[in-house]
4 protein chains.
Amino acid sequence: MNNRIINIGMIGSGFMGKAHSCAYNAIKVMMPDIEGIQCHSIATKQTENHKEFTEHWGWQTVENDWKKVVSNPEIDVIDICVPGFLHYSVTIEALRHGKHVICEKPLAMTTAQAEEMAVTALSSQTIHGVSFNYRFLPAIKLAKGLIAKGKLGSIRHFRACYLQDWLVNPEFPMTWRLRKETAGSGVHGDLNAHIVDLARHLVGEIAEVSGLMKTFINQRPHETENRIDDVTVDDACAFLAHFNNGAIGTFESSRMATGRKNANCLEIYGEKGAIKFDLERLNELEFYDASEPEAGFRRILATENDHPWVQHWWPSGHILGWQHSHAHLLYEFLKAVQSSSEFQPSFKDGLASQKVLDAVELSANQKKWVHIE
Amino acid sequence: MNNRIINIGMIGSGFMGKAHSCAYNAIKVMMPDIEGIQCHSIATKQTENHKEFTEHWGWQTVENDWKKVVSNPEIDVIDICVPGFLHYSVTIEALRHGKHVICEKPLAMTTAQAEEMAVTALSSQTIHGVSFNYRFLPAIKLAKGLIAKGKLGSIRHFRACYLQDWLVNPEFPMTWRLRKETAGSGVHGDLNAHIVDLARHLVGEIAEVSGLMKTFINQRPHETENRIDDVTVDDACAFLAHFNNGAIGTFESSRMATGRKNANCLEIYGEKGAIKFDLERLNELEFYDASEPEAGFRRILATENDHPWVQHWWPSGHILGWQHSHAHLLYEFLKAVQSSSEFQPSFKDGLASQKVLDAVELSANQKKWVHIE
Amino acid sequence: MNNRIINIGMIGSGFMGKAHSCAYNAIKVMMPDIEGIQCHSIATKQTENHKEFTEHWGWQTVENDWKKVVSNPEIDVIDICVPGFLHYSVTIEALRHGKHVICEKPLAMTTAQAEEMAVTALSSQTIHGVSFNYRFLPAIKLAKGLIAKGKLGSIRHFRACYLQDWLVNPEFPMTWRLRKETAGSGVHGDLNAHIVDLARHLVGEIAEVSGLMKTFINQRPHETENRIDDVTVDDACAFLAHFNNGAIGTFESSRMATGRKNANCLEIYGEKGAIKFDLERLNELEFYDASEPEAGFRRILATENDHPWVQHWWPSGHILGWQHSHAHLLYEFLKAVQSSSEFQPSFKDGLASQKVLDAVELSANQKKWVHIE
Amino acid sequence: MNNRIINIGMIGSGFMGKAHSCAYNAIKVMMPDIEGIQCHSIATKQTENHKEFTEHWGWQTVENDWKKVVSNPEIDVIDICVPGFLHYSVTIEALRHGKHVICEKPLAMTTAQAEEMAVTALSSQTIHGVSFNYRFLPAIKLAKGLIAKGKLGSIRHFRACYLQDWLVNPEFPMTWRLRKETAGSGVHGDLNAHIVDLARHLVGEIAEVSGLMKTFINQRPHETENRIDDVTVDDACAFLAHFNNGAIGTFESSRMATGRKNANCLEIYGEKGAIKFDLERLNELEFYDASEPEAGFRRILATENDHPWVQHWWPSGHILGWQHSHAHLLYEFLKAVQSSSEFQPSFKDGLASQKVLDAVELSANQKKWVHIE
C-alpha cells in the first residue's frame with residue numbers, strides 16, 4: 001500500500017489521545033519522508049467543544065460513537081487510546097473491519113482477551129502493534145543494539161523499577177485507573193507492563209515469577225460525588241523472575257514512591273558489560289564495557305545524528321522529550337503499514353506480556369511461584 | 001487585537017525555521033487557549049520542493065523573496081530565522097511595514113545595527129522580541145522566580161559556560177557560521193549570546209569585561225568547492241565580568257570542547273542560596289537553600305503541573321525537550337501580540353546583549369578591560 | 001570502667017583485621033577524647049613476618065593460637081575478624097572468659113549458633129556488638145535521624161541492592177568465601193547481611209520473605225592446587241519482603257553485576273519524604289521532603305561539623321572514605337565499654353538479621369514464602 | 001640513605017599538622033614497604049596538653065621553638081605545616097641545616113621568597129617538595145597517565161574552579177587566612193594555588209593571565225577581641241590564561257560560593273578526548289574518548305587494585321577520602337628521600353606556581369594582562 005493516503009481513526013481523546021495527536025503533528029513536520037498521513041476521525045465521549053479536536057489537534061471529523069470510526073471504510077488504521085477495559089472490544093471490531101490496529105498498553109485485561117486479540121490479528125492480513133513506546137527511545141534502541149552486537153555477553157541480571165508518587169496524597173480522588181473493572185490492575189498493568197515489555201525486548205522470555213502486590217491506601221474520595229470509594233487495585237507491585245536464558249530479574253512498580261515522578265530505571269548486567277537507563281533522563285544511556293582498559297559506566301548522550309530517529313530532529317545535544325517516543329513508534333507503525341511489513345511489538349508481544357502480568361497477579365494472590373505458559 | 005486571526009510570516013527555512021515551524025504546530029495542538037494562529041507565508045532561498053513547507057511544516061504560501069512576505073499586508077507577525085547578517089535589513093523592513101517582529105539571536109552584527117533596530121522598534125507601535133529561547137524553559141523560569149522571591153539573596157557569582165564540540169574534527173567544512181561577514185563572530189555571538197542574555201535576565205546588567213578569543217583551527221575545507229578557506233571567527237571565547245550590582249561573572253563558550261554536546265551550564269551563588277542548571281538536563285533545576293537545617297543542592301524536576309508552561313503538556317515526570325523552549329517563547333510572543341502588551345526579551349534586551357558581546361570582542365582584540373556603554 | 005586502659009585482642013589478620021587495625025590507629029590520632037586504648041594482642045595464622053603486625057599495625061604481641069588471646073586476663077575486648085565459620089567458637093570462648101566482644105558480620109553461620117551466642121552474651125555482663133559498619137557512616141546516621149524525627153512519615157518502600165562484580169571473571173579462583181562450609185552462604189551472608197541490618201535499623205522488623213538464589217558459575221580453579229572446585233554458595237540472591245509495619249521491601253545482592261564495584265544502594269519512601277544512599281558516594285545522602293514548595297531530592301554532603309562523627313575529622317567538604325565507618329563503629333564500641341552501656345547493633349541485632357538471612361535461604365530452597373520466627 | 005631510620009620533624013600543629021600526622025600513622029599501617037619512619041619531633045605554639053601530640057598523634061618529642069626541631073641533628077626531614085608567612089624562614093633555616101623539606105602550599109608569600117627558597121634547595125643535596133596533595137589522588141594520577149599516553153591529544157581547554165562557602169556568614173570571625181600579612185592572599189593563594197599546580201601538572205606552563213579579585217565582605221569580627229577588623233585579602237579570584245602550548249584556561253576560586261563545600265572541579269578538553277574531575281567525588285574520574293563508537297564520558301571509579309596507590313588500601317569500590325592524598329604524597333616523598341631521588345612537585349614547581357599567582361594579583365591590581373616571567 002505504498003504511496004497512497006493512510007487515513008487514521010483514533011479512539012479516545014484523553015491523555016494518550018492527546019499524546020498521539022501531538023505525535024502525528026510532529027511526524028508531519030519532522031519526518032516528511034512518510035507521505036500521505038491523514039488524521040481522519042477521532043472518537044470521543046466529549047459531546048461539545050469538538051473544535052479542539054479539529055482546529056487544534058488536526059482531526060477532520062469527530063464522532064461520539066467509536067463504532068462509526070472503526071467501521072468507516074475510508075479509514076485504514078485504528079489507533080486505540082481508550083482505557084484498558086475497552087481495548088478488547090474496539091480491537092476485535094476494528095480487526096473485523098480489516099483495519100490495521102495500534103493499541104495502547106497493556107493490550108488487554110486478561111490473557112484470555114489478549115489471546116483472542118492476537119489470534120484474530122494474526123489470522124487477518126493487518127498490521128498490528130502495541131504502544132510500548134519506550135522501545136522507541138533512542139537510548140533504548142541503542143541499548144538493544146549493544147546487546148544484539150554481544151557487547152554485554154550473556155545476560156545475568158535484569159533490574160527494573162518504575163516509580164511514581166501521584167497517589168501519595170490520600171485526598172487524591174478515584175479515577176478509572178483505581179478500579180479493577182476499568183483498569184484490570186493498578187500500577188502493575190500500567191507500569192510493570194512497560195518494564196515487562198522492556199525485559200522481554202532486551203533480555204528474553206520470562207520463565208517464572210514470584211510477586212507481591214500492595215494497596216497502601218484502600219479508600220479514596222469519589223471523583224465527583226460526595227462519597228468514599230474502595231480502591232480495588234494495587235498501589236505497588238514487586239516480583240522476582242527467572243528468565244528462560246538463566247538470567248534473574250527483579251521488577252518493582254509503585255505509585256507511592258514519594259519524590260519519584262516517572263522513574264523507569266533499568267539495569268542490565270551481562271558477562272561482558274552492562275547498561276543503565278533512567279526515563280527521567282531519557283536522552284542518556286549508561287554503558288559499561290568490561291573489556292576497556294580503564295572501564296567505567298559511560299554516559300552516552302543519545303542525541304547524535306546517527307543514533308536511532310535522531311536525524312529527524314535536532315543537532316547533537318539538543319535533547320528530546322517523552323513525547324518523542326510516541327512519534328517514533330507511530331512513525332514506525334505507519335511505515336510498516338505502508339510497506340506491509342510486520343511491526344514490533346506486535347499483538348504477539350502484547351499477549352506474551354499479558355501472560356507475565358497475569359502470572360504475577362496469580363503469584364501474588366496465591367503467594368507462590370508461577371510458571372509462565 | 002484580541003480574538004482575531006494572527007497571520008505569521010517566517011523568513012528563513014534552515015535549522016531555526018524548522019524549529020519554529022515545529023513549535024507553531026505544537027502550540028496548535030497543546031496550547032489551544034491561543035486562538036487564530038495562521039502559518040501564512042514562509043520565505044526561503046530554496047526554489048523547489050516547496051511541498052515540504054506547505055504539506056509538512058504547515059505554511060500556506062512559499063516565497064523566494066523575503067520582501068514579499070515582509071510587505072504582505074495580510075501578515076501581522078514576522079518571525080526572522082535567517083543568519084545573523086540579515087537580521088538588520090529584514091527587521092528594519094518589517095518594522096517599516098508595521099509588523100510585529102520576533103528575531104532570532106543575536107539581534108544584530110554590531111551594536112550600531114542593534115541600536116537602530118531597537119530605536120525603530122520602540123518608535124513603532126509593534127511588539128518586538130528576540131528569540132532567547134532558554135528564558136522559556138520551565139527550569140529557568142523557576143530559577144528566575146526563586147531569585148525574584150529573594151531565595152538567593154544578593155548575588156555574588158555568576159558562572160556560565162556553553163560548550164559544544166562540533167568543530168573538533170578538522171575536516172568539518174566551512175559554513176556561514178565560520179565566516180565573519182555572515183556570522184559576525186563565531187561561538188561568541190552564537191553561544192555567549194545565550195549566556196549573556198541569561199546573565200542579564202537572572203543577575204542584572206554587566207559593567208565591564210575582560211575577554212579572550214581563540215581560533216584553534218584556522219582553515220577548513222570549503223563547503224562544496226575543492227579549496228581551503230580561512231576561518232575568520234572564534235572557536236572559543238571566555239571572559240570575566242563585573243556586574244553593576246557587585247557580582248562577578250565568568251563566561252566561556254566553545255565549539256571545541258570534546259565530548260560536550262550542548263552543555264549550557266549555569267551556576268549562580270547568592271548570600272542565601274544558589275542554583276545550578278545544565279541544558280543537557282534541561283528538565284532539572286538544582287537549588288540550594290542555605291536556611292535549611294540539612295542543606296544540600298536539590299534537584300527539582302521541573303515537570304510539575306504548577307511549573308511554568310507545564311500544564312500545557314504531560315503529567316509529572318514526563319520530560320520535555322529542547323524544542324519546547326521555542327514553543328513556549330512563541331506562545332508568549334503571540335499572546336503579547338494578541339493583548340498588545342510588551343514582550344520580554346525585547347529589542348532593548350537584544351541591544352543590551354549586543355553591547356556586552358561587542359565589548360568582549362573589543363576587550364579581546366585590545367587585551368584590556370572594557371566598560372559597557 | 002571509665003578512665004582506665006582498655007586492652008584489645010584481635011582475632012584474625014586478613015582484610016578485616018587490617019581494616020580494624022587501621023581504624024584503631026585513626027581513633028588514636030583523631031579521636032583523642034577516648035583514652036587508654038591499647039592494641040594488646042593479635043592472633044593470626046601467619047607464622048612469620050610478625051613485624052608487620054607489631055611495628056606497622058601497632059600490636060604489642062602476636063599469637064598463633066587465638067585461644068591464648070581470648071583467655072589472656074589482661075585483655076578486655078575481643079575483636080573478631082576471622083571468617084564466618086569461626087565466629088561462633090571464638091565468641092563463645094571469649095564470652096566464657098568475660099570479654100567484651102565485637103564480632104564481624106554476619107554474626108554466625110546459622111540461627112541456632114546466633115541464638116546461643118546472643119543468649120550467652122546477654123547472660124554475661126559484657127558489652128557485645130556486631131560490625132555492621134555502615135550504620136556508622138555519617139550519611140546513614142543522618143538518614144536514621146531524619147526518619148526518627150518523622151521526616152519520612154510512615155515508611156512504605158525499602159529498596160536495596162548491594163552489587164559487586166569480582167566474580168565475573170570465570171578464572172577468578174576459589175576462596176573461603178565460595179565454600180559453604182567456611183562462609184555459610186555466598187553473597188547472601190556477605191552483602192545481604194548488610195542491607196538486612198540497614199533495613200531493620202532504618203525501617204523495622206521483617207515479617208516474611210520470598211527469595212531466590214543463583215550461582216552463575218558453578219566451578220572455579222582451586223586457590224593453589226591444579227584442580228577445579230565446586231562453588232557451593234550463591235553468586236546472587238534477591239528477595240521480596242513484608243515488614244511488620246506494613247512496608248514492603250526488595251533486596252538484591254550480587255557478585256556478578258558487571259561494572260558495579262561496591263554499590264550498596266538504598267531507597268526508602270515514606271508518606272512524607274524519601275531518602276537515597278549509594279555506598280560508592282558514601283559522603284552523600286539524598287533527601288526528599290514532600291512538604292517543601294519546590295520539592296526535589298537534595299544531596300546533603302554529610303561532611304559538616306555538626307554531622308555525626310565529622311567533628312573528629314576535617315572541615316566541610318573534605319570527604320571521608322569507607323574505612324572511616326570502622327573507626328566510628330569501634331570508637332562507639334569502646335565508648336560503650338568504657339561507660340558500661342549497651343552497644344547497638346548488639347548480638348540481638350546479629351541474631352535478628354540471621355533469622356532473616358536463614359528465612360531467605362529456606363524460601364529460596366523451598367520456593368515459598370517464609371515467615372520470620 | 002636506604003634502609004635506615006628516617007626521623008621526621010614537623011613544624012606546626014594546626015589543621016595541616018593533624019592531617020599529616022594522621023597520614024604518617026596510616027602509612028605505618030597500610031604501606032609497610034616503607035621502613036623506618038619515625039615521627040621524631042613536633043614544633044607547636046601550644047604550651048600545654050602535649051599529650052595529644054605524643055600519645056595520640058604519635059610524636060616522640062614536642063617543642064615550642066621550631067628552631068630546635070629544625071636544628072636537631074637527629075632529624076632528617078622537616079615537614080612544614082605552619083601558615084604561609086612562615087614558610088620562607090623555616091625552609092631557609094631547615095635547608096641551612098641540611099634537612100630534606102616538604103612544605104605546605106603555597107610555597108611562599110612572594111615570587112622573590114619562592115625564588116630564594118628554590119635556589120637554596122637546588123644548591124643543597126636535599127630532597128624538597130611542596131604539598132600539592134591533589135596530584136596524589138588516584139583519579140588525578142590516572143588523568144595524568146591518560147594525558148601522557150596521548151589519549152586527549154593536544155589540549156585546548158583547561159577549566160577549573162575551587163569553590164567553598166565558609167565565608168558566606170558575615171559573622172564568621174577573622175583568622176590568619178583573612179589577613180594579608182599572614183596569608184599573603186586570600187582564596188587565591190589558598191585554592192587557586194591548587195588549581196594552578198594541577199594546570200601546570202596536567203597541561204603545561206602558563207604564558208599570560210588576566211584576573212580579577214573580589215572581597216565581598218570587607219570587615220569581620222576579631223577572633224577573640226570585641227572589635228571589627230578589616231579583611232585584607234580576596235574572597236574570590238578568577239582569571240583567564242593562555243598556556244604556552246596554545247591551550248586556554250579559565251580559573252576561579254571562591255570562599256563565597258554558597259552551597260559548594262570543597263568543589264575543586266577540573267575539565268580538560270583535547271583534540272581526542274577529555275577528562276572531568278570533582279574533589280567532592282574524588283574517587284571518580286570522568287574520561288571521554290572521542291575515538292569510541294558510542295562515545296560518552298565514562299565514570300572510572302579509581303579504586304581498582306592497579307590504580308595508583310590503591311593496592312595499599314582496600315578492594316575495588318571501597319572508596320578513599322581526602323586524607324589519603326596526604327598519605328600518598330608523604331609516602332612518595334619519604335621514598336624519594338630513601339632513594340635520594342628527585343621529588344615532584346619540587347620547589348621548582350612551587351616557584352613556578354608562585355609566579356603565576358603573583359602575575360594574577362598584579363593583573364587584578366592593574367587591570368591588565370600580565371606575562372609570566
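The shown structure was predicted, so the numbers you read here are calculated from the model rather than taken from an experiment. Just so we're on the same page: letters track the sequence lines, and every chain starts at 1.
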Next on the checklist: Do the side chains of Glu55(B) and Lys28(A) get close enough for a salt bridge, i.e. N-O under 4.0 angstrom?
Outcome noted: no

Checklist entry - Any ion pair linking Glu280(B) and Arg299(A) (charged N to carboxylate O, less than 4.0 Å)? => result yes

Next on the checklist: Apply side chain to side chain contact (heavy atoms under 4.5 Å, CB included) to residues His56(A) and Val29(B) and explain how you reach the verdict.
Outcome noted: CA-CA 5 Å; His56(A) 292 291; Val29(B) 182; 5.7 Å; no

Item to check | Worked verdict on Gln323(B) versus His318(A) for side chain to side chain contact (heavy atoms under 4.5 Å, CB included) | outcome: CA-CA 8 Å; Gln323(B) 70 199 51; His318(A) 290 68; over 6 Å; no

Checklist outcome for this item: Under 4.5 Å to a heavy atom of chain B? For Leu301(A) that would be side chain

Item to check | Ring geometry between Phe15(A) and Trp314(B) (parallel below 30°, tilted from 30 to 60°, perpendicular above 60°) | outcome: tilted

Checklist entry - Do you know which of Glu52(B), Lys51(B), Glu284(B) has the most heavy-atom pairs with chain A at a distance under 4.5 angstrom? => result Glu284(B)

Next on the checklist: Could you measure the distance from the CG atom of Asn262(B) to the CG atom of Asn283(A)? Nearest 0.5 Å is fine.
Outcome noted: 11.0 Å

Checklist entry - chain B heavy atoms under 4.5 Å from Ile300(A): which part of the residue, side chain, backbone, both or neither? => result neither

Checklist outcome for this item: Honestly, the part of Ala19(A) sitting under 4.5 Å from a heavy atom of chain B is both

Next on the checklist: So for Trp313(A), is it side chain, backbone, both, or neither that comes closer than 4.5 Å to the heavy atoms of chain B?
Outcome noted: side chain

Checklist entry - How about Ile319(A) and Leu279(B): do any of their side-chain heavy atoms sit closer than 4.5 Å? => result no

